[in-house]
Every structure is written in structure tokens, then in C-alpha cells.
Amino acid sequence: MKQLVNYGQVVELNTGQTIFSQGEPCHHFYLVQRGMIKLYRLSVDGTEKVMDLAAPKQLFAEAVMFAGTYPLHAAAIEPSTVFAFDCKNFMTLLKDNNALCFSLMTSMSHCLNGMINEIDRLTLHSGTQRLAEYLLEQVPEGVMQSSRIRLLVPKLVIASRLGIQPETFSRIMARLRSDGMIETHNDTILLKDLCALRCLAACPG
């Protein structure tokens with residue numbers, strides 16, 4: 001990290017500010033220090049599909065340095081700080097550092113496994129399952145009965161990330177409320193019945 005810091009820079013971003021666009025040459029990859037970054041594609045009609053969300057301590061676009069151009073867009077969801085690593089200098093370091101090479105390969109393997117799991121969820125799980133899984137992922141480790149969580153990104157972004165239409169997202173949330181599984185208060189959600197949500201996530205709904 002000490003070596004890399006000499007070949008990068010801190011970038012402050014405003015809400016909605018673009019970091020890079022699809023098709024641009026890749027000169028940097030990034031580490032989120034503060035805030036939240038969305039990685040997305042645009043359809044022909046301009047509809048936005050969120051492919052991933054990068055939170056603090058997460059790298060993004062590190063694999064793109066080997067591809068040459070960014071395959072999607074990246075923008076800040078909220079005021080954010082990222083560290084931009086220079087790809088050219090990083091690749092020079094890789095040539096002389098086996099440990100760094102294996103570390104990067106490990107990171108990219110985890111990303112690949114995550115993408116495979118994502119394809120599995122999108123093709124085999126219903127929208128209700130995907131939303132239940134997302135809510136459960138926000139629960140702190142060790143909590144078993146109920147949990148109060150805060151949605152860190154807008155609901156429209158969450159719906160896009162889960163491959164759910166906004167109106168479908170609203171219907172599923174309403175159903176979870178009427179079934180007594182959750183209570184909603186703006187961006188705060190009380191997960192009242194974690195056991196029921198886990199059963200819902202595991203079964204078609």
C-alpha cells in the first residue's frame with residue numbers, strides 16, 4: 001500500500017458525480033474510502049441497471065486494467081471519497097511482486113464467485129426471494145430474533161440491483177408488511193420476524 005499510494009490520488013465525489021463511463025479507456029481502478037459507488041449499465045432506452053454497489057473498503061474496476069476499457073459506468077450515490085490507483089504503475093509492480101499478484105488473483109476470484117452467485121439468484125430466485133435475501137444480508141452477525149436496519153442506498157437503486165421493477169419492489173414490501181415480517185419508517189426497516197424471512201428467502205415466493 002505504501003508503494004501504491006505514491007502512484008495514486010484521493011478523489012472527492014459529489015452525489016451523482018460520474019467516475020468513469022462505459023467504453024472509456026481504463027487508466028485507474030479504485031478503493032472506496034467513504035460513501036457508496038454504483039456500477040451500472042444503460043439500456044438503449046436509457047434505463048439504468050445497477051450491476052453492483054461498492055461500499056467502503058471495497059475495490060472496484062481492478063480487473064478492468066487487463067481489459068483496456070471500462071465495461072460499465074460508475075457514479076457516486078452520495079458524497080464519497082475514493083482512492084484512484086494508477087493501472088500502469090500497478091502493473092509494473094505486479095511484474096516484480098509475486099505476493100501482490102496472488103493477492104490480486106484472490107480478490108478477482110472472489111469477484112468471479114460473487115458474479116456466479118448473482119447469476120444464480122437472478123435466474124433461479126423470485127423477486128420476493130431476492131429482496132428477502134437482501135434484507136437479511138443487512139442484519140448484523142449473531143442477531144437471531146429481530147433487527148432494525150437502515151437502507152444505505154435509495155430504494156430505486158436497490159430494486160435495480162436486485163433485478164426488480166420499482167412497482168414490484170413496492171408490492172413485495174407491502175406484502176412483507178401485511179404479513180407482519182417488517183415495519184418501515186422511511187429508510188429504516190424493522191425486520192420483525194427473521195425466521196420467517198429466512199424461510200421466505202429459501203423457498204419460491
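For the pair Thr81 (side chain) and Arg34 (backbone), a donor-acceptor distance under 3.5 Å is absent. The main-chain N or O of Ala201 is found under 3.5 Å from a side-chain atom of Gln129 such that the two form a donor-acceptor pair. Panel note: side chain Arg130, backbone His125; a donor-acceptor pair is recorded below 3.5 Å. Using a distance-only test at 3.5 Å, with no hydrogens or angles considered, a donor-acceptor pair links the side chain of Ser160 to the main chain of Glu48. In terms of modelled atom types and a separation under 3.5 Å, the side chain of His73 and the main chain of Tyr40 share no donor-acceptor contact. Side chain of Lys88 to backbone of His27: no donor-acceptor contact under 3.5 angstrom is found. Between the Ser80 side chain and the Met36 main chain, a donor and an acceptor come within less than 3.5 Å of each other.
The shortest side-chain heavy-atom distance between Tyr70 and Leu39 does not fall under the 4.5 Å cut-off. Looking at heavy atoms from C-beta onward, Leu162 lies out of side-chain contact with Glu133 at the 4.5 angstrom threshold. When side chains are defined from C-beta on, Glu62 counts as touching Leu104, because their heavy atoms get closer than 4.5 Å. A 4.5 Å side-chain heavy-atom check between Gln58 and Phe60 finds every atom pair outside the cut-off. Contact of the Leu200 side chain with the Asp179 side chain is not registered, since no non-hydrogen atoms from C-beta on lie closer than 4.5 Å. Side-chain contact check for Ile37 versus Val82: some heavy-atom pair is nearer than 4.5 Å. Within the 4.5 Å cutoff, the side chain of Val50 has no heavy atoms near those of the Val153 side chain. Side-chain contact between Ile77 and Pro154 is present, with at least one heavy-atom pair separated by less than 4.5 Å.
Nearest heavy atom pair, residue Glu12 against residue Gln17, reads O-OE1, 4.1 Å. Closest approach of Pro56 and Gly35 over heavy atoms only: CD-O, 3.2 Å. Across every non-hydrogen atom of Gly16 and Ala75, the tightest pair is O-CB, 4.2 Å. Looking at every heavy atom in both residues, Val32 comes nearest to Ala55 through CB-O, 3.3 Å. In terms of heavy-atom proximity, Leu94 sits nearest to Cys101 at O-SG, 3.0 Å. Nearest heavy-atom pair, Thr18 versus Ser21, reported as atom, atom and distance to 0.1 Å: CG2-OG, 3.7 Å.
In Asn186, the CG atom is not crowded: 12 or fewer heavy atoms of neighbouring residues, nucleotides or ligands sit closer than 6.0 Å.
We find the CG-CG distance between Leu100 and Leu93 to be 6.5 Å, quoted to the nearest 0.5 Å. The distance from the NZ atom of Lys155 to the CZ atom of Phe169 is 6.5 Å, given to the nearest 0.5 Å. We find the CZ-CD1 distance between Arg171 and Ile164 to be 10.5 Å, quoted to the nearest 0.5 Å. Once rounded to the nearest 0.5 Å, the distance linking CG of Asn97 with OG of Ser103 reads 9.0 Å. With rounding to the nearest 0.5 Å, the separation of CD in Glu24 from CD1 in Ile19 is 11.0 Å. How far OG of Ser109 is from CZ of Phe102: 11.0 Å, rounded to the nearest 0.5 Å.
If you chain together hydrophobic residues whose side chains sit under 4.5 Å apart, Phe20 and Leu31 never meet in one group. Linking ILVMFWY residues whenever their side-chain heavy atoms come closer than 4.5 Å, directly or via other members, leaves Leu13 and Leu152 in distinct clusters. In terms of hydrophobic clustering, with Ile, Leu, Val, Met, Phe, Trp and Tyr side chains grouped at heavy-atom distances under 4.5 Å, Val64 and Leu59 are assigned to different clusters. Met51 and Leu42 fall into different hydrophobic clusters, defined by Ile, Leu, Val, Met, Phe, Trp and Tyr side-chain heavy atoms under 4.5 Å apart, directly or through other members. There is no path of hydrophobic side-chain contacts, each under 4.5 Å, that joins Leu156 to Leu53.
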Under the side-chain contact (heavy atoms from CB on, under 4.5 Å) rule, what do Arg198 and Leu136 come out as? Steps first, then yes or no, please. CA-CA 8 Å; Arg198 291 188 180 105; Leu136 290 169; 3.8 Å; yes

Verdict with supporting geometry, Leu191 and Met181, side-chain contact (heavy atoms from CB on, under 4.5 Å): CA-CA 6 Å; Leu191 307 183; Met181 297 185 193; over 6 Å; no

Determine, step by step, whether Val139 and Leu197 satisfy the side-chain contact (heavy atoms from CB on, under 4.5 Å) criterion, reporting the C-alpha distance in whole Å, the side-chain angles of both residues, the deciding distance to 0.1 Å, and the verdict. CA-CA 12 Å; Val139 177; Leu197 281 171; over 6 Å; no

From CA spacing to verdict: side-chain contact (heavy atoms from CB on, under 4.5 Å), Met173, Ile189: CA-CA 10 Å; Met173 291 291 286; Ile189 301 178; 3.6 Å; yes

Please lay out, stage by stage, how Glu78 and Thr15 fare under the test side chain to side chain donor-acceptor pair (under 3.5 Å). CA-CA 4 Å; Glu78 60 188 22; Thr15 300; over 6 Å; no

Could you walk me through whether Ser178 and Arg175 pass the side chain to side chain donor-acceptor pair (under 3.5 Å) check? CA-CA 5 Å; Ser178 66; Arg175 194 181 102 190; over 6 Å; no

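In this pair, Phe85 and Phe29 present their aromatic rings parallel. The plane angle is below 30°, not in the 30 to 60° band.
A salt bridge does not link Lys38 to Asp52: none of the charged nitrogens lies less than 4.0 Å from a carboxylate oxygen. Here Glu183 does not pair with Arg148 in a salt bridge; the nearest charged N to carboxylate O distance is not below 4.0 Å.
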